[in-house]
Amino acid sequence: MVLRVLRLPTGKIAFAILLVIAALALFGPLLAFQDPLEGGAGILAGPSGAHPLGTDYLGRDVLSRLLAGSRISVLGAAQVTLVAMVVGVIPGILSVYLGSVFEWLTLRLADTLIALPFLVFAVAVTALLGNGIPQAMFTVGIMVSPLFYRVTRAATLAVARSPYVEAAIVSGATIGWVVRKHVWVKVLPPIAVALAHTAGVGFVVVSSLTFLGIGVQPPAPTWGGVLAADLGYLSFRPWAPLLPTALIMATVWACNLLADAIRDVSGEGGKALITAKGVRA
Amino acid sequence: MRILAKSVGIFVPVFLVATFVTFALRSLSGLTPAHLQLGESATPETVAAIEHEWGLDRPFLTQYGDWFAGVLRGDLGVSWYNGADIASLLLQGAIISLSVAGLALVIGVIFGFGFGFLAAARRTTWVDRAITGFMTFVSVMPSFVVGIALVAVFAVGLGWFPSAGFVPAERGLGLWLAHITLPAIALSFDTVADVARQLRAGLVAAYRENYVTGAIVRGLGPRRIFFRHVLRNGMGPALSVLGLKFPALLGGAVVTESIFGMAGFGKFAADSAQRGDVPAVQGVLVVSVVVVVVFNLLVNVILARVTPASARGV
């Protein structure tokens, strides 16, 4: 499936962008050739050889701050996706097999969670569990898990009702065997689509929180934090928000592009995602 | 009536669980107003005294029961930070946030439905492709990015709008509108994109239905077909999305209010969270759950009225 996604031009672009972002997360803090916390001589300076993107209101190198801040964004987005997947996928499959009480409960729970404003809850949780990105991302992960629940459930339902699976059951196959042999394969493509989509949401949430200064201690460099610092000095450096903005948007866009590419190549499986909203029965 | 029972029936248990968990977390995490009031100079004795003063040394269930009884009377307790009544603080903030969210919703409905109609009416032409492409672009722009761009261009650059603050409507409608326009636009982008895409998809699908072919064969005019058949059946998904979008507006307010320096509901939530003001945060959660329930209810009622399929309970 990976190869087929890469054959699409959109898949190539998305992969390339995400690869760069992943490299930034791995090596960014090392690449930051100036201390992102160290204030220099000139504050609010324009681009120069020493500071390609200029300096902020404390004279800190903006490029170094962006590079050093990439890790927290990527880790946060990864955490949202992982938590959402684990919390959503397992009940999604089980809801088809565990009987109507479990089915009804999880369906209602999914409806409710998706209706609540997850950013408000993420902010609230940082007050209760200590001010940290992991706590906030864990909450967001749980609150967006209904997406995984719905797509997994839709795909599982479609498999469970197909003639070849019914034939397998009639010839004595156990449900565990059916899940491992047939359901799993059909469930993977919509999960992959949801993964890419959720990663995009995760990047927006991390950037929003760090923009507000929630979840990180002030001197720590973050994408959102750089943006927030730029906002206060727009009249001095009106072009300053462009690069952090472009960085955040390119990442989110690449995630969505990847989701579309996976949906395109996975055919049947991807369709489950489109119809997932209508799944009630 | 059945819709009402269903919506409330789902949210009441969730409400109970959510508030119970936040209460339990507070107990476990050991957060107390003592840290806020005493800071570094806290000694075990003074901490215990303050906890006693706030009634935090009582059994957990008693505290929860008392708080819950208060919520039912509309009393959300007092802030750990400044001892002010949380319900009235939230009410002040809510007026600001509702002004912005209301305008954002109006913008979202007008432009979302406008673009959606246009794309569906001119489906598969360049108009449709341009709108769809633009909406995809818009939907990946986080609201704080839109907000900053709007401030940079229209407030700092052109000086058409104030860059921050809020003026109540009583002090002049024009002034009020000028202050909430930019944040409302920033907040509405996501809604516009989602409503437009859902409406386009819904209308295009409805045009393919057999009853539309039947109506054409029966010789009905295009206007009548559109309003009586296509629109009523095709706008369901767009309306549902609108219902789901309201909580997103509430969440987005946390960010946009910080950009535009408005002391609204979202700013209150973020500030209280950063201060560790637990009762205030709990109040925020209560209000957001209630707002979401009410809005979902409204949308479901409208949906049942407008679209024939959902009236039959499909």
Side-chain angles (χ1 to χ4, degrees), chain A residues 105 107-109 111-131 136 143 200-201 203-205 207-209 211-215 224 227-228 230-231 234-235 238-242 244-246 248-257 260 274 277-278 280, chain B residues 9-11 13-14 18 21-22 25-26 29 31 136-137 139-145 147-149 151-152 155-157 163 237 240 243-244 246-255 258-259 265-266 269-270 272-278 280-282 284-285 288-289 291-293 295-296 314:
Chain A
L105 268 177
L107 269 174
R108 293 291 87 81
L109 199 60
D111 284 351
T112 313
L113 281 182
I114 209 72
L116 295 171
F118 57 78
L119 206 54
V120 174
F121 274 72
V123 167
V125 161
T126 57
L128 297 163
L129 287 181
N131 193 8
M143 297 193 71
V201 174
F203 277 108
V204 174
V205 175
S207 313
S208 304
L209 289 178
F211 175 79
L212 293 172
I214 289 171
L227 207 48
D230 290 339
L231 186 63
L234 269 183
S235 36
W239 45 268
L242 282 182
T245 306
I248 295 166
M249 277 182 66
T251 316
V252 178
W253 182 66
C255 289
N256 289 347
L257 212 57
D260 287 345
I274 301 162
K277 266 194 179 148
R280 281 289 182 277
Chain B
I10 298 163
F11 277 94
V14 169
V21 168
T22 54
L25 285 177
R26 198 219 42 88
S29 65
L31 282 171
T136 313
F137 175 71
S139 67
V140 301
M141 292 172 76
S143 57
F144 62 92
V145 167
I148 290 171
V151 170
V156 177
S163 65
S240 310
L244 283 175
F246 197 72
L249 291 181
L250 215 59
V254 178
V255 177
S258 158
I259 297 177
F265 177 79
S272 305
Q274 274 168 316
R275 286 183 202 127
D277 190 348
V278 176
V281 167
Q282 281 163 340
V284 165
L285 292 185
S288 36
V289 172
V291 168
V292 166
V293 174
F295 201 76
N296 265 292
V314 177

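Per chain, numbering begins at 1; letters A, B, ... match sequence-line order.
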Exercise. Can you name the nearest heavy-atom pair linking B:Val281 to A:Ala124, along with the distance?
Worked result: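 Minimum heavy-atom contact is CG1-CB, 3.2 Å.
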
Exercise. Taking all atoms of both residues into account, what is the closest heavy-atom pair of A:Val123 and B:Ala269, and its distance?
Worked result: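 Closest pair (atom of A:Val123, atom of B:Ala269, distance): CG1-O, 3.7 Å.
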
Problem set entry | Structural part of A:Phe121 lying under 4.5 Å from a heavy atom of chain B |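 Contact with chain B involves both backbone and side-chain atoms of A:Phe121.
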
Exercise. Among A:Leu212, A:Leu113, A:Val204, A:Ile248, which has the most heavy-atom pairs under 4.5 Å with chain B?
Worked result: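 Heavy-atom pairs under 4.5 Å are most numerous for A:Leu212.
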
For this session: For chain B, find which of A:Gly200, A:Ser207, A:Ala122 contributes the most heavy-atom pairs closer than 4.5 angstrom.
Result: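 Counting heavy-atom pairs under 4.5 Å, the top option is A:Ser207.
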
Problem set entry | Any residue meeting side chain to side chain donor-acceptor pair (under 3.5 Å) with A:Asn256, in chain and number order, not counting sequence neighbours |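 Applying side chain to side chain donor-acceptor pair (under 3.5 Å) to A:Asn256 gives none.
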
Problem set entry | Residue selection (most heavy-atom pairs with chain A, distance under 4.5 Å) from B:Val284, B:Ile259, B:Leu249 |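 Of B:Val284, B:Ile259, B:Leu249, B:Ile259 has the most heavy-atom pairs under 4.5 Å with chain A.
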
Problem set entry | Spacing of OG1 belonging to A:Thr245 relative to CD1 belonging to B:Ile148, to within rounding of 0.5 Å |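 Rounded to the nearest 0.5 Å, the OG1-CD1 separation comes to 5.5 Å.
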
